[in-house]
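Just below is one structure, and these are the notes that go with it.
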Amino acid sequence: MDIAFSDRFLNMLKTARSVVVSTGAGVSAESGVPTFRGADGLWKKFRPEELATFEAFQANPQIVWEWYQYRREIIHKIKPNPGHYAIVRMPEYFESFDLITQNVDGLHRAAGSLDVIELHGNIMRNKCVACGGLSDDLEFAQFPPICKCGGRLRPDVVWFGEMLPADALERAEKASASCDIFFSVGTSGVVQPAAGLAYMARRGGAFVVEINLEPTELTYISDEHFGGKSGEILPAILEKIKSVRSRSLTKS
Ligand code: BJW
Ligand code: ZN
């Protein structure tokens, strides 16, 4: 894909030591995972407060579980796209690289990214509300499923009003506040505290790059906005990184 790179951005790509890529649902859209907001988003058909809160789960575990099983089936069948694969190669070119995602679909790991900071958990894992035990067993003897301890199992994702995993958030904040380039990819930038990472990066002096089909809440704090599909723009950026950074840092 032919995209225009500003001199400022090219210079940043040449000289940056530390890079953060922070992704949202848009990076998985080209794989066939529905996004949340927007014309075809999940929240057009479902109400977040009826499905993505602990109160909703307590009131109606059956319905909440059916929704997650439906989404698990979608995710089970799909594959990472060129955007995920471009991100896998980026750490080779920088002294420090962190990948942060709000996505629960596990596609970054499936593509081959080794160290993924998952802010909102993972839809393919279950957690017991009583003992906190985690499991990735997706076959259930009864539905809604129950833990060995007798407590209710739930998907290990972060619902509205819940705290994010403290270690993941701490790592994400530290990396964002100290990076040279921060890429915000395929997120509407409305859900906190994840959206705040771009502001944190900006305050720390990072060059903020947004990749999104549309302008978002984060566009006005971005130094560069690439309007288009992440599955096309990320591979083009990777090619540019390869050409401006003389060699890969990874010894093979
Ligand atoms: C493409 C593309 C292509 C499409 N290429 N681009 C401060 C102020 C106001 C509110 C709050 C606040 N602090 C906390 C809150 C409350 C709340 C919140 O932020 N609410 C706002 C919505 C108003 N936050 C929380 O509750 C969080 N917890 C928390 O803060 O705890 C502390 C606390 C507790 C209690 C009180 C106060 C503080 C938890 C948030 C959990 C979010 N959970 C979900 C569901 C996860 C489980 C599941 O999957 O079911 O996470 S909601 C949903 O939104 C999901 C996503 O990770 C998240 C973000 O969505 P994302 O990724 O941005 O997707 P979209 O659809 O919004 O955007 C997609 C974008 O891609 C679009 O822009 C497209 O244009 C673009 N696109 N195709 C490039 N091919
Ligand atoms: Zn249990």
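Counting starts at 1 for both ligands and their atoms, following the listed order.
Distance screen at 4.0 Å: atom 35 (C) of ligand 1 has a protein heavy-atom neighbour inside the cut-off. Atom 12 (C) of ligand 1 is approached by the protein to below 4.0 angstrom, counting heavy atoms only. Counting protein heavy atoms under 4.0 angstrom from atom 42 (C) of ligand 1 gives one or more. Distance check on atom 59 (C) of ligand 1: some protein heavy atom falls below the 4.0 Å cut-off. For atom 25 (C) of ligand 1, the nearest protein heavy atom is under 4.0 Å away.
To the nearest 10 degrees, the angle centred on the Zn ion (ligand 2) between SG in C147 and SG in C149 reads 110°. Take the Zn ion (ligand 2) as the corner point: the lines to SG of C128 and to SG of C131 open at 110°, to the nearest 10 degrees.
An N or O contact shorter than 3.5 Å links A25 to ligand 1 by distance. When only interatomic distances are considered, the shortest N/O to N/O separation between L164 and ligand 1 does not fall below 3.5 Å. Residue G186 has at least one nitrogen or oxygen atom sitting less than 3.5 Å from a nitrogen or oxygen atom of ligand 1, judged on distance alone. Inclusion of W159 in the set of residues having an N or O under 3.5 Å from an N or O of ligand 1 is not warranted. Of the polar atoms of F36, at least one N or O is found under 3.5 Å from an N or O of ligand 1, judged by distance alone. For the pair N212 and ligand 1, the shortest N or O to N or O distance falls below 3.5 Å. For ligand 1, one of its N or O atoms has an N or O atom of S188 under 3.5 Å away. The shortest N or O to N or O distance between K229 and ligand 1 is not below 3.5 Å. Note: an N/O pair closer than 3.5 Å links R71 and ligand 1 by distance alone. Remark: ligand 1 and V158 share an N or O pair separated by less than 3.5 Å (distance only, no angle test).
Counting only heavy atoms of the protein, atom 52 (S) of ligand 1 lies nearest to F160 CZ, 3.4 Å.
Q62 and E66 share a side-chain donor-acceptor pair at under 3.5 Å.
Residues D180 and R17 approach most closely at OD2-N, 2.7 Å, considering heavy atoms. The two residues L119 and P165 have their closest heavy-atom pair at O-CD, 3.1 Å.
Within the 4.0 Å heavy-atom criterion, both parts of T35, backbone and side chain, lie near ligand 1. At a 4.0 Å heavy-atom cut-off, ligand 1 touches Q102 through backbone and side chain alike.
Not close to ligand 1: G231, with no non-hydrogen atom less than 4.0 angstrom away. Using a 4.0 angstrom heavy-atom cutoff, G121 does not count as in contact with ligand 1.
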